[in-house]
Structures are given as C-alpha cells and as structure tokens.
2 protein chains.
Amino acid sequence: MPVTLRDLANACAVDTSTVSRALRDDSRVAPATRAKVKAEAARLGYHPNLAARNLVTGRTHTVWFLAGGLEAPQNHQPATTAAKRVRECGLDLLVAVHHGDRAAHERLLLRLRQHLCDGALVIADGLDLESDLLVQLHADGFPLVFVDRHRADLDIPAVSSTNAEAAAELVHRCVAAGATTLVNLFNPGGNTVEDARSAGVRLAAEQLGLPVVGPDATLPATDWTVFASCESDARGWARRRALRLSRAGVFDAWHGDLPPGSVVHCADQDFAAMGALAADLLLDLMAGKAVEPGLRLVPIAGIRRITGD
Amino acid sequence: MPVTLRDLANACAVDTSTVSRALRDDSRVAPATRAKVKAEAARLGYHPNLAARNLVTGRTHTVWFLAGGLEAPQNHQPATTAAKRVRECGLDLLVAVHHGDRAAHERLLLRLRQHLCDGALVIADGLDLESDLLVQLHADGFPLVFVDRHRADLDIPAVSSTNAEAAAELVHRCVAAGATTLVNLFNPGGNTVEDARSAGVRLAAEQLGLPVVGPDATLPATDWTVFASCESDARGWARRRALRLSRAGVFDAWHGDLPPGSVVHCADQDFAAMGALAADLLLDLMAGKAVEPGLRLVPIAGIRRITGD
DNA sequence: TTGTATGCGTTATCAC
DNA sequence: GTGATAACGCATACAA
C-alpha cells in the first residue's frame, strides 16, 4: 500500500495538514517540523497522489499534445519544443496520438474534458477539423491552440507558417529558374494551409503575369513547374500524368533523386518555432491571460534549392 | 463550473449513487431511470472527473511511454504500435519525452509513482540505465517494461531484437561479399544492445576463422568491413580515421550515398513488433498476471543489401 | 506555528 | 432498484 499523508502524519506525530504544508514548503511551518517531515517522507518513500491533489485543486499541471501520428516532423518537431517550453513552466506535456482513427480521436477529445489535463495543443488533421467535440470544448472555455492547420470558423488561437508568402516566394524562385507555366497542386478548400499556399501561388503568378493551371491542364512540353505541399504529392501527380518530374516547388522536404538538370525549391517550415509559440499561447491561455484568438504566422526557416546534378 | 454527478442527481431527482450506476450501465438500475439520467447527462453536458474516479478506484486506465525523443524510429515506431494495443484494451497511452535532460527524466520517473498512470513502457537510454528511481519503482511493484535497451541487473521484463543473431548474420553476409578483416564498433559494456551485437560479431568471426579488430587497429588497404549500430557511427569512425567507407554492416537505416563498388548490409529492427509485444507484457503485468522477468527477443525485420552503383 | 473541519467528485458498501 | 453513508488522499479556510 502506498504511503499517504496520514502515514506521514502518524510517523511525525503531527496533523496531516501540517505535513501537507511542510512538503509544499509553506512558509508558516517551523523549520524543525519541516525537516522532520521531509526526512520521514524520504524514509518511508512518500509520493503524493496527484489524482487526489488534482481533484481538490482542479488543476493537473499537465498539457496534452494531440496528433495523428509521431513520425512526421510536422508532428514531432513542434511536440518537442512545446514539451520543453511547457516543462520550463513546471508542467508536463504528454503526447497522445490517434493514428487517423476516428473513434480513437473522439476518445482523446473526450478525455480533454475529463480533467486529466489543463489544456491542449492540437495538430489539426482531417478528423479534428470536422469534430464537433472540439467546438464544444472551446465553447466551454477549455484552453486549446491549433498548430499548423486550423479551423477558420472558430476563434481558437492558431499557429501556422507564412504559407502564402512562402508559396509566393517559391513561385518567384522557380520562375527565376525558368518556369513559365505554374501547375498549382495546392488544394483550395482543402484546409487553411492549402488555401493559403494556393492563394500565394495565384498572387505571385498575377504579379508575374504568368498562367496558373490545375493538375489536369494540358501542359507545354517543358518549362512547367509543379507546386505541391510535399514531395509525394508532386511525384504522385507526375506519375499519374506520366510526366518526368524535373521542376517543382514544395514544402518541408525533398528526399528523392532528381534527374540531371532538374531543380526543386523546397520551403522548410520552422516547426520548432511553431511548437514553442503555440506552447506560449496555451500557457497564457491557461494562466487566464487574455489571448487574442486568430492565426499567428511563423516565418519559414528558409528555402532550399536542390538540383539533380 | 463543470457539471457533476450531483448536478445530474438533482436534475433527475435521484441520488448520486444511482446516477453513477446508471452512467456506468450497471445492470441493477431501472431502464427508465437509466435513460433519463443519460438524457440529462447529454443535455447538461456532463463529463466525469477522472481525477476523482482515479482517486477512489486507484486505477487510471493510462499507460505512459517514456522516451528521450520522438524523432528516431526507435522511439516513435514502438510507441505507435504500443498505443494501438493499449487502446484496444480501453486504456490510453501517453508519450512523455525528456530529451536526454537529466532533471526532466527524473521528474518523469517521479510522476510514475504519483498515480497518474498504471504502468509504463521505457525506451531505456543512458539516463534510465543509471537511475535509481527506476529500481525503486520496480521494487515497489510498479508495472514496467523495457524496450530495446534494458538493465540486465533488474528482473524487469524487456523486449529487444535478436541483436546477437542479427550482428552475426551481418558478418556472414559481409564476408560473403568479400570482407576479411572485421572492424567491430559495437561497444561491449556500453549497454545490453551493444553487448549483444558485439558478441554476435565475435561469434560469427570465430566460426569463420576471421580476425575481429577494434576501432583503432591498423587495417589492410582493402577488404575490411566496419560494423556499427548506425550509419553515423560508421561514418564518424571513417572520418576520424580518414578512411573511405565502402563496406559496412549496420543497423536500422542507411540513407547516405555510397561510392561505386561499395556495399552496405543493413539489419532492420522490427520496432513495431517490439512495441506491440512490450505493450502486451505490460498489460499482463497490470492485469496482475504472472509475467516472467527477463528479455524477449523479437526477430529483425530483415537485412537489406545496399550498393553504391 | 499547528490543529480542526470541510470539501473536491466519484465509487463502493451497506441498508432498505 | 434505490438511497444513505463512508471512504479515496489531499488542500485549505478558519480556529486556536
């Protein structure tokens, strides 16, 4: 049986309230008793029951990080920096994943309302973006911050990249590298991130006076460049259209090989900074500070030029 | 203010105990009252306070997964499968990371004793392998299972790969590919995984009648092959010794380029299976079933041959 | 500086 | 079938 405050109180011949105060370094307890209590606690191997403490204080000092999975840098990088920030404030960050499983996802959102954590960071994939539970949660004042994608219809604070600007810059660089026809694979209406990127492409194209075409357009033999959110989107599209992929503007990563002469521009998001900012916002929210709802944009880390030579 | 059992009891004009039973589908409650209670719970937006429930039942239905980080497949892959297994049993798995930070690590281990979870899976990196807290935890009967590395001096159940066999097989394949001098970078005494791999190399070398040398040995101009736990270990060694790395046997992954004519054998561990098995063991442990202490070996997923052509 | 009393929200053991 | 009642372990306003 675990050692409780009572056991300690008995061992020290004082009241449980005194023990409680002593262990929490309350200034009003005599140095001698405090020392005795602490010594006894160590001797008996006392460890507070946080379930009990949470029950009475109503706070758990715990933050959850909800994501679909752990593998993608989009998920684990913000989780990593957020964990550090949260820890600096004396709280713990716990990561929970749902693997895109609808039931699992609902269950996790339910857990948030069950007093196991004080707030949550949410990497909003498809499931979160539909769920009513999220709406109710927020309506009930539960501290919530979106990372990356978000729901524009809710005034939940959100952290994302400068997607529009980054997409526009991708266009400019690709055009400087010879592109004349821009294939826009960003899916407007898909989610807020895709929306922003698509808008960025259109804006840049307009400035440059170049045509933007969809995935199914007829293309010139050369000088087209495809823009997509990730390498596999671009590659998948090229495969379906039986095209040789040699020019692209993408986000986050490009691992695959490129044929000689080809060039890819890759905009790397600063997931670490996003996680840190999101954690800061959440901590403010949990502290009761006024946090403006709406989107925060974090500059991308940079744009890399990758060639096939 | 959150809705409590009492609010529900008042709204339904029954006792809290009846509400409690109704919500948990206790067979002794009248269908009519159950329906009414459930309807009212939905209407008022009731959500149980799990801190309170945990306090009285003594169980949290929660499992923690402790790791140094999330990025490495060694960490997130077992976490992923373990999460699924755990979820199937109606429990939740939460991932907590310490980033190699000593204080953070200690804090997490402390948390385990504070009734926030019923058991834990531990990816034992350097910190875990030293900590006394882990020993005490286990001594107090806290359900614990090691994944990958473990402490041989504790009878905590552990799941690892068939490291010795895999290392031996790496040697055999590399020798078949022309190796005659085997450079053993596996560090015996480092940890249980390195130990096993080092032993595997020595065993295979003995069978083949070939010499095993350490990282600082004088090498023939050619026909040596280096064995290491990961690509970066092998590359780091080659860099320090100003050697051109063209033959290696490693574990888990090889991403970098290889000069033409070179060949690397890579033993892929089955992290997913390891996570699943570890979860099963932990669940048994938590269910009070007798679980034999000691190491379980999961076969590696396979050995890939990578060439620089 | 310490003790007393009460309550946090829930489950469980009794009665009825 | 349902209702009192007593825990669970801890924190805290209030007394002393």
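Just so we're on the same page: letters track the sequence lines, and every chain starts at 1.
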Rounded to whole angstrom units, what separation is found between the [atom1] atom of [X] and the [atom2] atom of [N]?
{"X": "A/N10", "N": "D/dG9", "atom1": "CG", "atom2": "P", "result": "13 Å"}
{"X": "A/L50", "N": "D/dC8", "atom1": "CG", "atom2": "P", "result": "18 Å"}
{"X": "B/R6", "N": "D/dG3", "atom1": "CZ", "atom2": "C1'", "result": "14 Å"}
{"X": "B/N49", "N": "D/dG9", "atom1": "CG", "atom2": "P", "result": "17 Å"}

Between which nucleotides of DNA chain C, 5' to 3', does chain A make heavy-atom contacts below 4.0 Å?
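Result: C/dT1 to C/dG9.
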Using a strict cut-off of less than 4.0 Å between a Lys/Arg side-chain nitrogen and an Asp/Glu carboxylate oxygen, indicate whether [X] and [Y] qualify as a salt bridge.
{"X": "A/D26", "Y": "A/R21", "answer": "no"}
{"X": "A/R85", "Y": "A/D280", "answer": "yes"}
{"X": "A/R102", "Y": "A/E130", "answer": "yes"}

Reading DNA chain D from 5' onward, which residue's closest nucleotide shows up sooner: B/V29 or A/M1?
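Its nucleotide being nearer the 5' end, the pick is B/V29.
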Among pairs that include at least one residue of residues 34-45 of chain B, which meet side chain to side chain donor-acceptor pair (under 3.5 Å), considering only residues two or more places apart or in two chains?
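Residue pairs passing side chain to side chain donor-acceptor pair (under 3.5 Å), neighbours aside: B/D25-B/K38, B/E40-B/R43.
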Using the six-membered ring wherever Trp is involved, compare the ring planes of A/H76 and B/H76 and label them parallel, tilted or perpendicular (cut-offs 30° and 60°).
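A/H76 and B/H76: parallel rings.
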Angle between the two end axes of the helix from C/dT1-D/dA16 to C/dC16-D/dG1, five base pairs per end, rounded to 10 degrees?
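Rounded to the nearest 10 degrees, the bend comes out at 40°.
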What string of B, S and - do you get for nucleotides 11-16 of chain D, 5' to 3', when a contact is any protein heavy atom under 4.0 Å?
SBB---
Are the side chain of A/H99 and the backbone N or O of A/D101 linked by a donor-acceptor pair below 3.5 Å?
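Pair absent, no side-chain N/O of A/H99 close to backbone of A/D101.
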Of all the heavy-atom pairs spanning B/A79 and A/L70, show the shortest one and how long it is.
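Closest pair (atom of B/A79, atom of A/L70, distance): CB-CD1, 3.8 Å.
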If you count heavy atoms of other groups shown closer than 6.0 angstrom to CZ of B/R59, is the number above 12?
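Yes, CZ of B/R59 has more than 12 neighbouring heavy atoms, counting only those of other groups under 6.0 Å.
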Please name all residues satisfying side-chain contact (heavy atoms from CB on, under 4.5 Å) with B/P78, sequence neighbours left out, ordered by chain then number.
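Only B/F65, B/I123, B/V147, B/F271 meet the side-chain contact (heavy atoms from CB on, under 4.5 Å) criterion with B/P78.
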The criterion is side-chain contact (heavy atoms from CB on, under 4.5 Å); which residues satisfy it with A/H150, sequence neighbours excluded?
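For A/H150 the side-chain contact (heavy atoms from CB on, under 4.5 Å) partners, ignoring immediate neighbours, are A/F146, A/A152, A/A158, A/T192, A/L295.
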Atom pair NE2/CG of A/H115 and B/N49 - distance to nearest 0.5 Å
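Answer rounded to 0.5 Å: 5.0 Å.
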